[in-house]
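These numbers come from the heavy atoms of this one structure, side chains and all, not from hydrogens, waters or symmetry mates. Order of listing sets the numbers, starting from 1, for every ligand and every atom in it.
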Amino acid sequence: MATINHHYGKLAAGYLFPEIARRTRAFQEANPGAEVMRLGIGNTTEPLTPTIVRGLQCGVEKLANAATYTGYGDEQGNQDLREALVARYSRYGVTLEADEFFVSDGAKPDSANIQSIFAIDNIVAVQDPAYPVYVDSNVIAGRTGEAKDGQYDGLVYMPCTEENGFIPAPPGEKVDLIYLCSPNNPTGAVATHEQLKAFVDYAIKHKAVIVFDAAYAAFISDPGLPRSIYEVEGAERCAIEINSFSKEAGFTGVRLGWTIVPKTTVCEGARPGDLNKLWFRRQTTMFNGASNIVQEGGLAVLSEAGQQECNGLIGYYMRNAQTIKVGLEKLGITTYGGTNAPYIWLKTPNGMSSWEFFDKLLNEAHVVGTPGSGFGPAGEGFFRLSAFGHAEDIERAVRSIQERLQL
Ligand SMILES: *Cc1c(COP(=O)(O)O)cnc(C)c1O
């Protein structure tokens with residue numbers, strides 16, 4: 001008798017984007033002439049750049065030739081790609097070894113899977129609001145009870161509020177696994193060295209492990225802000241870092257990411273090297289490596305020309321972010337984020353709920369965004385706008401907000 005994993009039944013998320021789509025469809029059916037402008041979803045829009053396209057083509061050509069053909073590659077990812085990643089981190093002043101890197105098909109799967117190397121009774125702490133996969137993967141694994149008022153029993157929530165600048169302090173109680181995302185999706189907040197140091201000190205003291213999602217690190221322009229948690233002293237003893245080519249290079253549909261498990265990272269009952277070996281074991285058992293074509297593309301991203309082109313892409317999206325931020329502030333709306341991250345986190349005017357503002361923005365300005373409450377209860381009263389989009393579409397949407405939104 002097969003039975004299902006009943007933990008799936010606890011999942012509350014998966015509701016956000018379908019509900020946005022449902023309300024948008026209803027609006028379009030009622031207003032067939034209106035053009036709906038989408039600033040909702042964190043998906044890249046600009047084409048791959050020439051150096052990166054050539055890298056991918058080179059990957060295809062290698063497969064077309066008996067002399068250069070390869071099948072399964074190194075399980076952790078191609079050595080040259082991992083060495084190029086080592087070189088990138090050394091530019092941040094971070095020393096890592098190639099066998100501490102695990103190349104993957106993206107940061108979302110790694111963020112979901114990393115929990116499987118930890119025991120089921122680990123207490124998990126997450127930022128509230130948060131990118132949903134940290135919570136949902138632990139729900140499916142069975143580390144939580146049921147959800148009540150948007151929070152799962154057994155999880156520790158760290159509220160991200162205006163008062164703490166959307167970067168929480170470490171929990172007051174003892175937790176074992178801590179998920180942090182900086183630059184943050186959805187709030188656009190970026191943790192400073194001092195803020196990360198507080199988490200590192202906490203983790204070392206409690207033998208906890210930090211899972212640090214740095215998917216937007218390349219969007220940091222302020223040289224004083226850390227792009228990797230390993231820039232913080234002690235993090236190499238307590239942190240796993242996950243990153244991706246998705247947002248930096250427009251690889252959302254191409255699929256390539258990496259996870260770093262330093263051999264120095266330990267936890268209760270694990271000696272140096274044990275966590276690294278466990279993740280190696282997990283990946284070689286359940287995953288057969290990223291596409292060799294795509295890894296050639298990744299190598300091109302990390303080349304000097306590739307990095308220049310990616311900086312151009314990032315500059316383009318960050319100009320969009322400024323267009324949104326400045327445009328809304330002119331209307332007297334309070335905004336956060338949007339300077340070292342491609343998301344604007346706005347405070348809904350007049351104390352409206354996130355969904356009330358969603359309906360108002362759609363009905364009056366014909367613009368679709370993402371209600372902050374969809375990312376966790378502390379997101380209530382906030383709203384996320386994404387800078388990923390063609391500049392002319394963003395400009396049109398901002399003009400429409402300025403002309404039509406009744407405040
Ligand atoms: C987009 C995003 C990712 C990237 O995931 P991929 O699977 O690499 O595309 C990871 N974390 C956060 C917070 C994101 O917003």
Side-chain angles (χ1 to χ4, degrees), residues 13-14 16-17 20 39-46 48 52 77 81 85 101-115 126-138 158 160 166-168 178-191 210-220 227-229 239-260 283 286-287 289-291 294-295 297-298 301-302 310 313-314 317-318 321 337-338 340-345 369-370 372 374-376 379 384-389:
L16 175 63
F17 287 101
I20 290 172
L39 298 185
I41 296 181
N43 201 356
T44 50
T45 52
E46 301 313 303
L48 299 175
I52 296 164
L81 179 57
L85 286 167
F101 284 81
F102 297 83
V103 174
S104 73
D105 58 347
K108 185 176 186 178
D110 286 0
S111 302
N113 294 330
I114 196 72
Q115 49 77 27
V126 292
Q127 287 170 280
D128 172 20
Y131 183 58
V133 67
Y134 318 134
V135 170
D136 291 355
S137 57
N138 280 290
M158 301 180 288
C160 304
F166 305 99
I167 304 291
I178 304 169
Y179 290 81
L180 291 177
C181 176
S182 173
N184 192 266
N185 177 10
T187 68
V190 187
I210 299 167
V211 176
F212 188 72
D213 183 344
Y216 297 96
F219 290 76
I220 295 176
R227 287 152 202 250
S228 164
I229 195 166
I240 290 172
E241 182 164 304
I242 297 174
N243 208 323
S244 170
F245 291 91
S246 281
K247 311 298 162 42
E248 169 176 357
F251 272 30
T252 40
V254 178
R255 313 302 309 143
L256 193 66
W258 69 90
T259 285
I260 303 164
Q283 288 302 74
M286 310 269 222
F287 176 64
S291 151
V294 169
Q295 291 190 69
V301 171
L302 296 173
C310 287
L313 268 182
I314 289 166
Y317 290 130
M318 292 311 290
N340 292 287
Y343 295 111
I344 285 83
W345 187 242
T370 311
F375 298 99
R384 191 192 78 175
L385 294 176
S386 160
F388 292 113

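Using a non-hydrogen distance threshold of 4.0 Å, G42 does not register as a contact of ligand 1.
Note that the CG atom of N243 and the CD1 atom of I260 stand 7.5 Å from one another [nearest 0.5 Å]. Between the OG1 atom of T187 and the CD1 atom of I167 there is a distance of 6.0 Å, given to the nearest 0.5 Å. Taking OH of Y343 as the reference point, atom CG of L385 lies at 11.5 Å (rounded to 0.5 Å). Between atom CD1 of residue I114 and atom CD1 of residue I240 there is a gap of 4.0 Å, rounded to the nearest 0.5 Å. Interatomic distance, I229 CD1 to I210 CD1, rounded to the nearest 0.5 Å: 4.0 Å. Atoms CG and CZ, from L85 and F102 in turn, are 13.0 Å apart once rounded to the nearest 0.5 Å.
Residue, atom and distance of the protein heavy atom nearest to atom 7 (O) of ligand 1 are R255 NH2, 2.6 Å. Remark: minimum distance from atom 5 (O) of ligand 1 to any protein heavy atom is reached at K108 N, 3.5 Å. Atom 9 (O) of ligand 1 has as its closest protein heavy atom S246 OG, 2.6 Å. The protein heavy atom nearest to atom 15 (O) of ligand 1 is Y216 OH, 2.6 Å. Nearest protein heavy-atom neighbour of atom 11 (N) of ligand 1: D213 OD2, 2.7 Å.
Between T370 and S386 the shortest side-chain heavy-atom distance does not fall below 4.5 Å.
Counting atoms of ligand 1 from 1 in the listed order, those under 4.0 Å from a heavy atom of C181 are 13 (C). Heavy-atom proximity to K247, at under 4.0 Å, picks out these atoms of ligand 1: 1 (C), 2 (C), 3 (C), 4 (C), 14 (C), 15 (O). Close approach to G106 involves these atoms of ligand 1, each under 4.0 Å from a residue heavy atom: 7 (O), 8 (O). For ligand 1, the atoms sitting less than 4.0 Å from at least one non-hydrogen atom of P109 are 7 (O), numbered in the order shown with element in parentheses.
Looking at F251 against ligand 1, nothing comes within 4.0 Å, counting heavy atoms.
Between Y134 and ligand 1, no N or O atom pair is found at a separation short of 3.5 Å. Taking only nitrogen or oxygen atoms, main chain and side chain alike, D105 does not reach within less than 3.5 Å of ligand 1. Any N or O atom pair closer than 3.5 Å counts here, and T252 shares no such pair with ligand 1. Distances between N or O atoms of N185 and those of ligand 1 include at least one value under 3.5 Å. Considering backbone and side-chain atoms alike, A215 places every N or O at 3.5 Å or more from each N or O of ligand 1.
Between the side chain of S182 and the backbone N or O of N184, no donor-acceptor pair lies under 3.5 Å. Put simply, the side chain of Y317 gets close to the backbone of T45: a donor and an acceptor are under 3.5 Å apart.
Classification of the F251-F245 ring pair by plane angle, with boundaries at 30° and 60°, yields tilted.
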